[in-house]
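One structure is given below, encoded as structure tokens.
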Amino acid sequence: DHTCQVCGASRRGPDGDPYAEAHHIQPLGRPHDGPDEPENILVLCPNHHADFDYGRLTVDPETYRVLHTYEDDVDGTRLDIADPHELSEDHLTYHNKVIAGE
């Protein structure tokens, strides 16, 4: 529904249509070589997309608990996952270790 899986926000583009961004958990291309598949994608608002890119936001691969380095409103919440969307534990683990440096 074009809503951020972290905060639930919905944005509107210049024409008024719903707007969200697709984030590859394990980035595409070198050096990460993440796959372009649904299990490697989150739907995010622009702010949380940037936070993922910069390693400020991580998701526990087992509990889907969100950890944010400075945003208390989302830190400790659970990632919203619409059925039947499944996420890869491997991609989340990769992001947490390589991108966020955990």
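This structure is a prediction, so every number in the text was calculated from the model and none was measured.
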Practice problem: Check Tyr19 against Pro46 and note the closest heavy-atom contact, atom names and distance. | Solution: CE2-CG, 3.8 Å

Practice problem: Go through the side-chain N and O atoms of His48 and Glu21 and say whether any donor and acceptor fall under 3.5 Å apart. | Solution: no

Practice problem: Report, as yes or no, whether the 6.0 Å neighbourhood of atom CD on Glu37 holds more than 12 heavy atoms from other residues, nucleotides or ligands. | Solution: yes

Exercise. Mind listing the closest non-hydrogen atom pair of Ala100 and Thr58 along with its distance?
Key: CB-CG2, 3.4 Å

Quiz prompt | Between CD on residue Gln5 and CG on residue Asp1, distance to nearest 0.5 Å | solution = 11.0 Å

Quiz item: Which atoms form the tightest heavy-atom contact between His24 and Asp36, and what is the distance?
Solution: NE2-OD1, 2.8 Å

Practice problem: Answer yes or no: is there a side-chain heavy-atom contact under 4.5 Å between Ile25 and Ile41? | Solution: no

Quiz prompt | Backbone N/O of Val59 and side chain of Asn96: donor-acceptor pair under 3.5 Å | solution = yes

Quiz item: With side chains defined as the heavy atoms from C-beta onward, is the minimum distance between Leu42 and Val6 less than 4.5 Å?
Solution: no

Quiz item: Within the distance-only criterion (no hydrogens, no angle test), does the side chain of His95 pair as donor or acceptor with the backbone N or O of Asp53 below 3.5 angstrom?
Solution: no

Practice problem: Identify the heavy atoms of Tyr94 and Pro31 that sit nearest to each other, and give their distance. | Solution: OH-O, 4.3 Å

Quiz item: Should the ring pair His23 and Phe52 be called parallel, tilted or perpendicular, given that the plane angle runs from 0 to 90° and is split at 30 and 60?
Solution: tilted

Quiz prompt | Exam field: side chain Glu39 to backbone Glu86, donor-acceptor pair closer than 3.5 Å | solution = no

Quiz item: Would a distance-only check, ignoring hydrogens and angles, find a side-chain to backbone donor-acceptor pair under 3.5 Å from Thr77 to Val74?
Solution: yes

Quiz prompt | Test item: Asp75 side-chain N/O and His68 main-chain N/O as donor-acceptor pair under 3.5 Å | solution = yes

Practice problem: Indicate the atoms forming the closest heavy-atom contact of Glu89 with Pro61, along with that distance. | Solution: CG-CB, 3.4 Å

Quiz item: Do side-chain atoms of Asp51 reach the backbone of Leu57 as a donor and acceptor pair under 3.5 angstrom?
Solution: no

Quiz item: Between Arg65 and Arg78, which heavy-atom pair has the shortest distance, and what is it?
Solution: NH1-N, 3.8 Å

Exercise. Using only heavy-atom distances, determine whether the side chains of His32 and Gln26 contain a donor-acceptor pair under 3.5 Å.
Key: no

Quiz item: Can you tell me if Glu62 and Tyr64 form a side-chain donor-acceptor pair at under 3.5 Å?
Solution: no

Practice problem: Quick one: pull up CD1 in Ile81 and CG in Leu87 and give me the separation to the nearest 0.5 Å. | Solution: 4.5 Å

Quiz item: Hey, what do you get for NE2 (His85) to CG (Asp80), rounding to the nearest 0.5 Å?
Solution: 11.0 Å

Exercise. Inspect the surroundings of CG in Asp17 and state if more than 12 heavy atoms from other residues, nucleotides or ligands are less than 6.0 Å away.
Key: yes

Self-check item: Atom pair CG/OG of Asn40 and Ser88 - distance to nearest 0.5 Å
Solution: 7.0 Å

Self-check item: Side chain proximity check, Val43 to Cys4, heavy atoms < 4.5 angstrom
Solution: no

Exercise. State the SG-CG distance between Cys7 and Asn47, to the nearest 0.5 angstrom.
Key: 8.0 Å

Practice problem: Would you indicate whether Asp33, at its atom CG, is surrounded by more than 12 heavy atoms from other residues, nucleotides or ligands within a distance under 6.0 Å? | Solution: yes

Practice problem: Tell me whether Val66 is reachable from Ile99 by hopping between hydrophobic residues (I, L, V, M, F, W, Y) whose side-chain heavy atoms are closer than 4.5 Å. | Solution: no

Quiz item: What distance do Cys45 atom SG and Arg11 atom CZ have between them, rounded to the nearest 0.5 Å?
Solution: 5.0 Å

